[in-house]
**Q** 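Structure in structure tokens, see below.
Within every chain, numbering begins at 1; the chains are lettered A, B, ... in the order of the sequence lines, protein sequences first and strands thereafter.
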Protein chains: 2
Amino acid sequence: MSNIVERLRNSNIKPSYARIKIMEYLMEHPVHPTVEEIYQNLVREIPTLSKTTVYNTLDLFIRHNLARVITIEENETRYDADTTNHGHFKCETCGALYDFTVDEDNLATRGLGDFVVTEKHVYFKGICKKCLYNQ
Amino acid sequence: MSNIVERLRNSNIKPSYARIKIMEYLMEHPVHPTVEEIYQNLVREIPTLSKTTVYNTLDLFIRHNLARVITIEENETRYDADTTNHGHFKCETCGALYDFTVDEDNLATRGLGDFVVTEKHVYFKGICKKCLYNQ
DNA sequence: ATATAATTTTGTACTGTTTACATTTTATAT
DNA sequence: ATATAAAATGTAAACAGTACAAAATTATAT
């Protein structure tokens with residue numbers, strides 16, 4: 001809890017209750033939740049919470065690099081409080097999302113000569129272990 | 001034109017006029033157009049075209065691996081007829097999308113032991129050459 | 001402590017993309 | 001020519017996300 005307050009303060013974000021709770025939820029549920037998931041779970045604890053606040057707060061986090069958007073899903077945007085380099089795997093059978101380690105720094109590319117790269121994203125799709133064996 | 005008919009036939013897709021034209025548009029405009037762009041441009045030539053047909057046809061292409069979805073944009077889905085491995089770069093200043101060559105096969109990963117990977121996607125964000133120099 | 005200002009949160013209405021589905025049109029085969 | 005299957009169309013609806021103004025909360029100054 002207090003480390004979350006620290007995290008927010010370090011980014012010059014006033015640690016309001018909603019902001020703390022949303023960041024806490026993101027960090028404790030690293031399954032890349034959607035706005036809907038975050039809202040439905042937190043509204044139990046914060047009955048006055050509005051979905052707009054969740055959107056606003058997540059946008060705030062992203063502008064301050066405390067969270068990232070994951071665009072692996074076509075319809076719904078997902079959020080991730082882990083801003084270090086890592087890849088995402090989506091199982092097309094069960095829909096689950098997994099993190100994996102990827103060496104993005106040594107990724108060989110051609111055709112980006114003078115471009116400034118600020119974000120690198122890697123995502124795979126396929127079938128996860130569970131779906132391969134458990135049925 | 002006839003090579004497009006071939007492409008469709010090879011995937012057991014009946015080459016109707018709309019399908020040929022949509023595939024042709026995708027191949028001649030490798031800027032990863034949206035449904036809206038494809039529709040607005042083709043409806044001039046095919047006045048009876050409906051947006052639903054564009055959606056249906058693109059879904060059909062994707063199911064037959066003749067096109068890919070690019071999920072680099074948050075709001076609108078983009079489509080790409082080039083299904084070979086390559087990365088996408090989005091300029092956050094001008095919004096343009098660029099292709100680049102990426103060695104996806106030799107991408108070092110950890111944590112995907114027994115997973116079957118069917119698709120690998122790499123996309124970067126940053127500032128393109130034009131935006132860096134031309135202003 | 002109180003008033004004032006600034007910030008945060010909320011709710012409603014709206015926008016725009018995508019889907020569902022029934023109808024119409026077009027192609028294919030008998 | 002007629003029946004059957006496939007493709008295309010149009011409308012309505014679903015749904016995520018945004019705009020914005022009002023309300024509530026928090027901070028600041030007197």
**Q** From CG of B/L58 over to P of D/dA8, roughly how many Å is that when rounded to an integer?
**A** 12 Å
**Q** Does B/T57 use its side chain to pair, donor to acceptor, with the backbone of B/R19 at less than 3.5 Å?
**A** no
**Q** Mind calculating the distance between CG (A/L49) and C1' (D/dT25) to the nearest angstrom?
**A** 15 Å
**Q** Using OP1 and OP2 only, check whether a side-chain N or O of A/S50 sits under 4.0 Å from C/dG11.
**A** no
**Q** Please give, in whole Å, the distance from C/dT10 P to A/I46 CD1?
**A** 8 Å
**Q** So what does A/T34 touch, heavy atoms closer than 4.0 Å: a base, only the sugar-phosphate, or nothing?
**A** nothing
**Q** Using heavy atoms to find the nearest nucleotide of DNA chain C for B/K51 and A/K14 separately, return the residue whose nucleotide is more 5′.
**A** A/K14
**Q** Just call it for A/N75: base, sugar-phosphate, or nothing, with non-hydrogen atoms closer than 4.0 Å on any strand.
**A** sugar-phosphate
**Q** Determine: side-chain N/O of B/T48 to OP1/OP2 of C/dT25, distance under 4.0 Å, yes or no.
**A** no
**Q** Nearest to the side chain of B/Y55, heavy atoms from C-beta on, is which of C/dT9, D/dT9, C/dT18?
**A** C/dT18
**Q** Rounding to an integer number of Å, can you tell me how far A/I22 CD1 sits from C/dT8 P?
**A** 13 Å
**Q** Taking CD1 from A/I13 and P from C/dT9, how many angstroms apart are they, rounded to a whole number?
**A** 11 Å
**Q** It should be established whether B/S16 places a side-chain nitrogen or oxygen under 4.0 Å from OP1 or OP2 of nucleotide C/dA27.
**A** no
**Q** Measure CD1/A/I20 against C1'/D/dT26 and give the value in whole Å, please.
**A** 13 Å
**Q** Would a distance-only check, ignoring hydrogens and angles, find a side-chain to backbone donor-acceptor pair under 3.5 Å from B/R78 to B/I70?
**A** no
**Q** Could you tell me if the side chain of A/V122 sits less than 4.5 Å from the side chain of B/H121, heavy atoms only?
**A** no
**Q** Which listed nucleotide (C/dT8, D/dA16, D/dG10) is nearest to the side chain of A/R19?
**A** C/dT8
**Q** Counting only side-chain nitrogens and oxygens, does A/T53 get under 4.0 Å of the OP1 or OP2 atom of C/dT10?
**A** yes
**Q** Between B/Y39 and A/E36, name the one whose nearest nucleotide on DNA chain D is closer to the 5' end.
**A** B/Y39
**Q** Separation of B/I38 atom CD1 from C/dT17 atom P, in whole Å?
**A** 13 Å
**Q** Would you say the ring centers of B/F115 and A/F124 fall short of 6.0 Å from each other?
**A** no
**Q** Can you measure A/Q40 atom CD to D/dC15 atom P for me and round it to whole angstrom units?
**A** 13 Å
**Q** Under 30°, 30 to 60°, or over 60°: which ring-plane class applies to A/H86 and A/H88, parallel, tilted or perpendicular?
**A** perpendicular
